[in-house]
**Q** 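The structure's right below; bear with me while I get my questions together.
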Amino acid sequence: LAQAALGSRSTRSLSRSFVAAMSTSVTVRPDGVGVITLTNPPVNALAKALIASFKTEFPKLVNDPKVKAIVVTGAGKMFCGGAEISEFATLKTEGSALGDMINLLDQSPKTTVAAINGLALGGGLEVALACHYRVAGEKVAVALPEVMLGLLPGGQGTQRLPRVAPLPMCIEMMLTGKQIKAPQAQKAGILDVVSKGDVVSDAAAFALANAPKPVSQRPVPHGNRMMAVAGALESGQLMAWNQSPQMLAPPAIIRCLRAACSKGSFQEGVAVEQEEFKKLLLGVQSAALRHLFFAERACQKVPGVKATPTPLKKIGIVGAGLMGGGIAMCFAQKGIPVVLKDAKQEWLDAGVKKIADLWGSQAKRGRLTQEQYKGLMGLIKPTLRFEDFADVDMVIEAVPEIMDLKKEVFLEIEKHCKPDAIISTNTSGLNIDDIAKVLKDPSRVMGCHFFSPANVMQLLENIRTKDASEQTLATGMAMGKLISKKTVMVGNCDGFVGNRMIAPYAAEARMLVEEGAEILQVDLAAQEFGMAMGPMSLGDLVGQELFWKQRKALNDMKRQTKTYYGPYELVDWLCELGRYGMKTPDPKIKATGRGLFIHRGRDKMVDPEVIAKVEEIRKAKGVVPRPVSNEEICERLFFPLINEGFKILEEGFAIRSSDIDIVYIFGYGFPPAKGGPMFYAENYLGFAKILERLKVYDAAAKARYTKNPHYLPIDYFEPSKLLEECAAAQASGQTPPPGVPIIDAVLYLRKKAGKAVGPFAKL
């Protein structure tokens, strides 16, 4: 497994040139100030090689009698971006050398000053706090964002910051990761000087004028101690819990701050910090968040796609509805002109008004100036004519999910666009290869599945079609980056990744209710798991009618695909009554929306008529309701969802397991603390447990639909072959290198053995 997982990754030691890039350099100025520069492009991260270099070079300055004081700065436009996250896995066994570096700065007999020439983040700010003083450029910002990785500032930051800054700012910085700009940081006491000229020169002058004053020897201000006693720490922890109740790092940070503000010594506080940091580092939650950090970067890379993207200077969008309008906003906000087309003037006017209202609301709240508002609106050109697409570089079709309509629109786009313009569809489930067939050149076609509302949701699923050229795919990925989306390339299967995996999740939610679970119970179980919203509420938000309309259009109300499964009775009853959810108000009962729930503004309650209908359905099917535990609810919601993810990887419609995690974190509200469904399966549950429970539920499902004619056959509990192979690998005790999932290692072995299939098989 280890050899397989490494694949093309080199097992050899770093080259000499690479190690040299992660180092420190020393110079002595004519005024006698020694300058030590941190160099590790692009962010001067505190890699082991850099710290080792620092520990070698810094004592030379201390011991040089010609050196009167010492300035620490960063190479390029960055001071220091903090720890080298890729090395965290080795910290479990090797420990951290950052503490040694910080102690050298703190205990220096010569004045040390941090010349903060750019961002100082995490460990970078902790290095600055280890210096006796801090001088920063006017445009600099500082932050302690470790909480985003499920960690706390482990370089004595929880003990140093409360000695120089007000406790409320310490709490905010550590619990939110918020960046503080230089003027505000100076006012708070984090910085001593904001330089308007050369930062290093000003830091050198300050160092010569001031005696050593280690932060570690300063007392925590009386005001901070009083606020800690008065409940400021508890208030901060409550705020963090309300935002992310499952996160372990915020309470640990509060415990460290409490130690700092207690009567204990600085070193006692550092001991508390180190113990809390170690627990978080060794925990699965931080591993999950670090996994997502790297997953976000990995998903931008599509093997085999190396072509130069087409520059996107102008975009065309067909369909001015909620989706099309949201997509138009994404591009306009990046300064890219958009031609927005619809079929009828009233539809076009409504779409433009919606956009104007959204930006207008931001202008009223002061988030946009009037000039910015006018500039954004000026970038959107509404039209009824395809002829206005003559000079666009890419067209995104966002019309209703009707195959014939989409084919008709594609032909019109081809007729009026440049021959090299990219043509894409925002379909959420139709076969894009079938749409592309109508064109003379299907190589210019790909899918771009935005998530609604597109101007808010971060995820973009780019779909690789059978004939898509390398340049088309490269342009699609560049487009996603251009508009700041988390962009994942997937294959052209039914429902792609997200909607295919959510189908069994939604189906089991309805099945659980028929078997005896309460509607609210199902939602609450999912929310306690960590989902942003339960499946029943999600149905009302998205609209209960989506797949009902598709089945109705096909004149097959019992139809099942990879994107929707039965039971349908409850949803079909709602849709026949016109109760689609939040989008369908019912003035008779003063409801702003009506579906499974009666919605009144932000409040909602399960519709009593729905409860009665559930009882009616149970009786009609001969189902005797039984108690259902929350554990069973979660297993039946998430295990088939995970199983479908394995099948997608097995069939070759996703490149890597972490891509699926990105889809679910940013598109479906899966809890980041669990790392995504595939990480959760491997690291929280273990493959053996999922496999065993899937077999139990598969047997129950088969018994249900074979004995009761009211139920349709389902196969989403049938275990994936890839899951079985991963379970065997995990049970064998073999482990790939740190940071490499077993799933990806097994996929690599499959590819090496010639068993890989799908659009990414040969890449």
Side-chain angles (χ1 to χ4, degrees), residues 95-96 98-103 105-107 122-123 125-134 142-147 149-178 180 185 187-192 212-245 247-283 285-286:
S96 173
L98 178 59
D100 297 336
M101 178 179 177
I102 284 171
N103 289 334
L105 287 164
D106 181 82
Q107 296 165 12
L125 178 54
E126 289 177 298
V127 167
L129 288 167
C131 295
H132 303 156
Y133 304 98
R134 286 147 296 285
V142 299
L144 292 171
E146 288 88 346
V147 70
L149 296 176
L151 295 170
L152 54 79
Q156 304 179 9
T158 65
Q159 305 305 300
R160 292 180 179 274
L161 193 63
R163 285 170 161 78
V164 298
L167 186 59
M169 177 170 284
C170 298
I171 293 171
E172 182 181 28
M173 289 179 68
M174 294 185 200
L175 294 187
T176 69
K178 179 181 178 181
I180 307 297
K187 186 177 180 181
I190 300 172
L191 303 178
D192 296 286
K213 190 180 179 182
V215 172
S216 65
Q217 295 179 20
R218 304 181 198 180
V220 174
H222 179 70
N224 281 356
R225 293 184 187 275
M226 292 300 294
M227 282 187 280
V229 173
L233 295 175
E234 287 75 11
S235 296
Q237 185 169 341
L238 180 61
M239 175 191 73
W241 187 88
N242 286 334
Q243 293 176 349
S244 303
M247 295 298 292
L248 300 175
I253 289 170
I254 294 298
R255 288 192 289 272
C256 292
L257 288 172
R258 182 172 287 112
C261 296
S262 70
K263 295 180 180 179
S265 68
F266 176 80
Q267 289 304 328
E268 287 172 331
V270 169
V272 172
E273 177 187 279
Q274 289 304 300
E275 182 62 28
E276 294 289 353
F277 180 81
K278 184 178 179 181
K279 285 191 289 187
L280 293 173
L281 180 65
L282 297 176
Q285 189 173 101
S286 177

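Residue numbers count from 1 along this sequence.
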**Q** Please give me the minimum heavy-atom distance between G236 and I171, naming the atom from each residue.
**A** CA-CG2, 3.9 Å
**Q** Checking the side chain of E146 only, and the main-chain atoms of M174 only, is there a donor and an acceptor separated by less than 3.5 Å?
**A** no
**Q** Within the 4.5 Å heavy-atom criterion, are Y133 and K213 side-chain neighbours or not?
**A** yes
**Q** Which heavy atom of P166 sits nearest a heavy atom of A188, and at what distance?
**A** CD-O, 3.3 Å
**Q** Taking R225 for the side chain and S262 for the main chain, is one N or O donor matched with an acceptor at less than 3.5 Å?
**A** yes
**Q** Please examine the side chains of Q159 and C256, heavy atoms only from C-beta on, and report whether any two atoms are closer than 4.5 Å.
**A** yes
**Q** Is the backbone N or O of L248 less than 3.5 Å from a side-chain atom of Q285, with the two atoms forming a donor-acceptor pair by type?
**A** yes
**Q** Measuring from K187:NZ to I180:CD1, what's the distance to the nearest 0.5 Å?
**A** 12.5 Å
**Q** Would you call K278 and E275 a salt bridge, taking side-chain N to carboxylate O under 4.0 Å as the test?
**A** no
**Q** If you measure from CD on E172 to NZ on K178, what distance do you get to the nearest 0.5 Å?
**A** 4.0 Å
**Q** Could you tell me whether a side-chain N or O of R160 sits under 3.5 Å from a main-chain N or O of A128, the two making a donor and an acceptor?
**A** no
**Q** For the pair T158 (side chain) and L257 (backbone), establish whether a donor and an acceptor sit closer than 3.5 Å, ignoring hydrogens and angles.
**A** no
**Q** For G157 versus P162, what's the shortest heavy-atom pair and its separation?
**A** O-CD, 4.0 Å
**Q** Has M239 got more than 12 heavy atoms of other residues, nucleotides or ligands less than 6.0 Å from its CE?
**A** yes
**Q** For a side chain to side chain contact (heavy atoms under 4.5 Å, CB included) check, start with the C-alpha distance between V164 and R134, then their side-chain angles and the critical distance, and finish with the verdict.
**A** CA-CA 11 Å; V164 298; R134 286 147 296 285; 4.2 Å; yes
**Q** Do M169 and I190 have side-chain heavy atoms sitting under 4.5 Å apart?
**A** yes
**Q** With respect to V147, which candidate in T176, L280, L152, I253 satisfies the side chain to side chain contact (heavy atoms under 4.5 Å, CB included) definition?
**A** I253
**Q** How close do A165 and C170 get, heavy atom to heavy atom, and via which atoms?
**A** O-SG, 3.7 Å
**Q** Between CG of D106 and NE2 of H132, what distance do you get to the nearest 0.5 Å?
**A** 5.5 Å
**Q** Looking at every heavy atom in both P250 and A240, which two are closest together, and how far apart are they?
**A** CB-CB, 3.6 Å
**Q** May I ask you to say whether E234 pairs ionically with R258, meaning some side-chain N is under 4.0 Å from a carboxylate O?
**A** yes
**Q** Of all the heavy-atom pairs spanning A228 and C261, show the shortest one and how long it is.
**A** CB-CB, 3.7 Å
**Q** In the structure I gave you, are the side-chain heavy atoms of V215 and Q156 within less than 4.5 Å of one another anywhere?
**A** no
**Q** Can any side-chain N or O of N224 pair as donor or acceptor with the backbone N or O of L167 at less than 3.5 Å?
**A** yes
**Q** If you round to the nearest 0.5 Å, how far is CG of L233 from CG of L175?
**A** 9.5 Å
**Q** Atom CD in E126, atom SG in C131: separation rounded to 0.5 Å?
**A** 12.5 Å
**Q** Working to the nearest 0.5 angstrom, can you tell me the gap between S286 OG and M247 CE?
**A** 8.5 Å
